[in-house]
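These notes are about the structure you will find just below.
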Protein chains: 2
Amino acid sequence: MERLTIIDIAKLCGVGVTTVSRAINNHPDINEETKAMVMKVIKENHYVPNNSARNLKRSDSKTIAVLIKGISNPFFSPMIKVFEKEIQRKKYSFILQRVDENQDEIEVAIELEKEKRLKGIVFLGGLFSHSQEKLQQLTVPFVLSTIGMTEEFDLSNYSSVSVDDFNESYKIVDYLCNLGHEKIAVITAPEDDVSIGKLRYEGYKKALSDHGIAYNERLVRRMKEDIDSYSMENGYAVTKELLESGEEFTAIFTLSDSMAIGACKAIFEAGKRVPEDYSVAGYDGLDISFYYNPSITTIKQPVVEIAEASIKILFDLINKKVNHAHQIFPAELIVRESTRSIL
Amino acid sequence: MERLTIIDIAKLCGVGVTTVSRAINNHPDINEETKAMVMKVIKENHYVPNNSARNLKRSDSKTIAVLIKGISNPFFSPMIKVFEKEIQRKKYSFILQRVDENQDEIEVAIELEKEKRLKGIVFLGGLFSHSQEKLQQLTVPFVLSTIGMTEEFDLSNYSSVSVDDFNESYKIVDYLCNLGHEKIAVITAPEDDVSIGKLRYEGYKKALSDHGIAYNERLVRRMKEDIDSYSMENGYAVTKELLESGEEFTAIFTLSDSMAIGACKAIFEAGKRVPEDYSVAGYDGLDISFYYNPSITTIKQPVVEIAEASIKILFDLINKKVNHAHQIFPAELIVRESTRSIL
DNA sequence: TTGTACGCGTTATCAT
DNA sequence: ATGATAACGCGTACAA
């Protein structure tokens, strides 16, 4: 019952290891009968090839990896399904690799590329401020999906797909302003954020300024660093503090739908209503923003399209069809029940 | 810039490969200076060891894998965090392996065990009806976490941790009955389900029967097979049909919190209220069941404790401290706003 | 403390 | 169509 190798199978079959290998890998140069015989012996003895050995020896491999930071973020769920489907459709293998919050995704990628002989990589989540030097160690093409970058990189050696976080954020805050709101609180990222958090926050500020609304620092609240970022819990805790501070506001914009839901909960617990007492606006367009009561006004990111485009670009790169591309998708302002006009 | 191996590094350093290997793996028998020098050269040249080769050669490896079916199920999110933390704390490596919906988790496990020289495995999600023959190919200990089994297996060669789905389900339906509800709809799994779906459904039936309530087939609704099982969308679609069918009911029990939320949405869209018009009860105790409006009455599974116990048992097995254990955790009926008495 | 040489299990090359 | 054998990149007896 212990581990048996391809050599054992070869002996059992009375053939050479090459033949067994051919049977396993659907190689053409093999007699159908011997192949069937070999496969039968393999089944009977529960032989399972060792992937490490295969990867070590193989040169190609047709597998692409998706590296994802924050794997329990519901925002990624539909994207993962798209990746799985599309990669399978192209007859490639799909590896979903979780990367730890305090892990360097590029290092993980470099290692994985060697180990699995990857053909391409998709990065999902996390910030992205890596040295060119490091990026150049990645010898296969990769695309950044839904990753905001404020720092300007040399855009010529990788691809990206995302929405315009600055403008989309502007769009929804502008909408709130047009509803007559002037005291608009925001739950944003910690000050040192250089990613989507910063971009969305800048959009908020710009919208206020364009509407001639004075910037009120006390309405700018930061996510708590000891709680999962962008989570319901975080939105809840921050909003609760805001309400208890006594600072007046009529609307609150949170940088994620999850935080919007947390905000609503805090408002309910304070005995207030949404949107009658406070308008609440989110960002992302998660399924739950539709199902929540009240349903949440939000910026809906076209996640499926983004995922599809990411994969398409990646395969184009793999097939040398194109150079690196940077695709920006439009997001949609979806007006729902959680916001109201106060004019 | 192309792939360089441990031999190249050895040459660059003017030492043997063994020394380089020792430097990499923190082996004791090496001079601190040479080690520092080797590490420096490695950094400078961006050498990254090939994991396939390492895994192939290694015999031990101290890594444990968590195989998870339905990785985007929010129910698993807190558990993953526990696994990560606990496994790290034991100085083991943690591999999170997604297994496709129509993939055999045991086969994946067998392959992974060989490839990564695993020390232990945790299975999360999915049904579990595998032949003994197959299970015996797994030579490392494994524990089934949150996986319901109706078919009776030989319990002596694996471990499991879960709640008593039958009794917990009974508990919440019993609660509804005590509130005066007699027309209690249920959204359950497809008829061929042999896992938690069946157990929870049996609990529902038993509770009704114990309260002398006649079983009404038209109140038993099955999840749609073309929609994600246990999802909000599924609960929404099924409840919508139920409401449109005109069949009378005063409460609805869904086999998951997500479906409960979908049910609420459908009820709202029909112009009705929860719990004034319909009581809604869920199952699982997801975070969202607290944040939802109205908050959802549910059976809260002690996910953190379950995950912790799973890991503890696994390590005990690895260290040969114990034999296989089957631990049942009590779940908690949490009464919230979505249910009311109609007496 | 350090280096040489072999083996891990598989696939690719080159014969036959 | 099939088989012998040399890599793949690394860890580790064993020798030095």
Side-chain angles (χ1 to χ4, degrees), chain A residues 2-39 41-42 45-63 93 110-118 139, chain B residues 2-39 41-42 45-63 93 110-118 139:
Chain A
E2 270 314 296
R3 46 173 173 251
L4 57 178
T5 77
I6 197 171
I7 299 177
D8 299 318
I9 298 297
K11 280 177 187 161
L12 251 42
C13 295
V15 301
V17 289
T18 314
T19 307
V20 177
S21 179
R22 280 182 180 129
I24 296 171
N25 301 303
N26 290 320
H27 217 81
D29 288 347
I30 186 175
N31 186 304
E32 276 303 324
E33 288 175 32
T34 54
K35 176 172 171 179
M37 186 268 280
V38 170
M39 293 310 280
V41 173
I42 287 178
N45 296 75
H46 310 298
Y47 163 69
V48 177
N50 182 315
N51 272 323
S52 288
R54 306 182 90 171
N55 292 328
L56 182 58
K57 185 60 193 167
R58 265 201 236 281
S59 35
D60 75 321
S61 93
K62 301 204 13 158
T63 113
S93 300
I110 293 169
E111 224 174 287
L112 202 63
E113 179 192 327
K114 292 205 179 188
E115 177 178 347
K116 297 294 177 72
R117 313 281 189 203
L118 299 182
T139 59
Chain B
E2 270 314 295
R3 48 172 173 252
L4 59 178
T5 78
I6 198 172
I7 299 177
D8 300 316
I9 299 297
K11 280 178 186 161
L12 252 42
C13 296
V15 302
V17 289
T18 313
T19 308
V20 178
S21 178
R22 281 186 179 128
I24 296 171
N25 300 306
N26 291 319
H27 218 80
D29 289 347
I30 185 174
N31 186 304
E32 276 303 324
E33 289 174 30
T34 54
K35 175 172 172 179
M37 184 267 280
V38 170
M39 292 311 280
V41 174
I42 287 179
N45 296 75
H46 310 297
Y47 164 69
V48 177
N50 182 314
N51 272 324
S52 288
R54 307 182 90 172
N55 291 329
L56 183 58
K57 186 61 193 164
R58 266 199 235 282
S59 37
D60 76 320
S61 93
K62 299 197 26 152
T63 112
S93 300
I110 293 169
E111 226 174 286
L112 202 62
E113 180 192 326
K114 293 204 177 188
E115 176 178 347
K116 297 294 177 72
R117 313 283 190 202
L118 300 182
T139 60

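A, B, ... follow the sequence lines: proteins, then strands. Residue 1 opens every chain.
Looking at heavy-atom distances under 4.0 Å, B/Asn25 makes contact with sugar-phosphate atoms alone, never a base. Residue B/Thr18 is classed as a base contact, given a heavy-atom separation below 4.0 Å to a base. In this structure, A/Val17 reaches the bases: a heavy-atom distance under 4.0 Å links it to at least one base atom across the strands shown. Heavy atoms of B/Ser52 sit nowhere under 4.0 angstrom from any nucleic acid atom. B/Ser21 comes within 4.0 angstrom of a nucleotide base, judged by non-hydrogen atoms across all strands. Using a 4.0 Å heavy-atom cutoff across all strands shown, B/Asn31 reaches sugar-phosphate atoms only and no base atom. Residue contacts shown for B/Ile30 are limited to sugar-phosphate atoms, with no base heavy atom under 4.0 Å away.
One can place NE2 of A/His27 at 11 Å from C1' of C/dT13, the figure rounded to the nearest angstrom. As rounded to whole Å, 11 Å separates atom P of C/dT10 from atom CD of B/Glu111. As a whole-Å value, the separation of B/Lys114 NZ from C/dG9 P is 9 Å. Per the geometry, CG belonging to A/Asn51 stands 18 Å off P belonging to C/dC8, to the nearest Å. The separation between B/Lys11 atom NZ and C/dT4 atom C1' is 14 Å, rounded to whole Å. Put simply, CZ on A/Arg22 is 10 Å from C1' on C/dA12, counting in whole angstrom units. For the pair B/Asn50 CG and C/dG9 P, the computed distance is 16 Å after rounding to whole Å. Atom CD1 of A/Ile9 is separated from atom C1' of C/dG9 by 13 Å (rounded to the nearest Å).
With hydrogens and angles disregarded, a donor-acceptor distance shorter than 3.5 Å links the side chain of B/Asp8 to the backbone of B/Thr5. Side chain of B/Asn50 to main chain of B/Ser52: a donor-acceptor pair is present (N/O by atom type, distance under 3.5 Å, no hydrogens or angles). Checking side-chain atoms of A/Arg117 against main-chain N and O of A/Leu56 turns up a donor-acceptor pair under 3.5 Å.
Residues B/Leu56 and B/Thr34 both approach DNA chain C. Their nearest nucleotides, taken by heavy-atom distance, put B/Thr34 toward the 5′ side. Both B/Arg117 and B/Gly14 sit near DNA chain C, but only B/Gly14 has its closest nucleotide nearer the 5' end. Residues A/Gly16 and A/Lys57 each lie close to DNA chain D; by heavy-atom proximity, the contact nearer the 5' end of the strand is made by A/Gly16.
Bracketed by its first and final contacts, the part of DNA chain D lying under 4.0 Å from non-hydrogen atoms of chain B reaches from D/dG9 to D/dA13 in 5' to 3' order.
Nearest heavy-atom pair, B/Val48 versus A/Ile110, reported as atom, atom and distance to 0.1 Å: CG2-CG2, 3.7 Å. Across A/Ile42 and A/Ile9, no two heavy atoms sit closer than the pair CG1-CG2, 3.8 Å.
Looking at A/Asn25 and A/Arg54, their side chains come closer than 4.5 Å, going by heavy atoms from C-beta outward.
With hydrogens and angles left out, the side-chain atoms of A/Arg58 and A/Asn51 include no donor and acceptor closer than 3.5 Å.
Taking the side chain of A/Arg54 as heavy atoms from C-beta on, and the options C/dT1, C/dT11, C/dG3, the nearest nucleotide is C/dT11.
Taking the charged nitrogens against the carboxylate oxygens, A/Glu115 and B/Lys116 do have a contact shorter than 4.0 Å, which makes a salt bridge.
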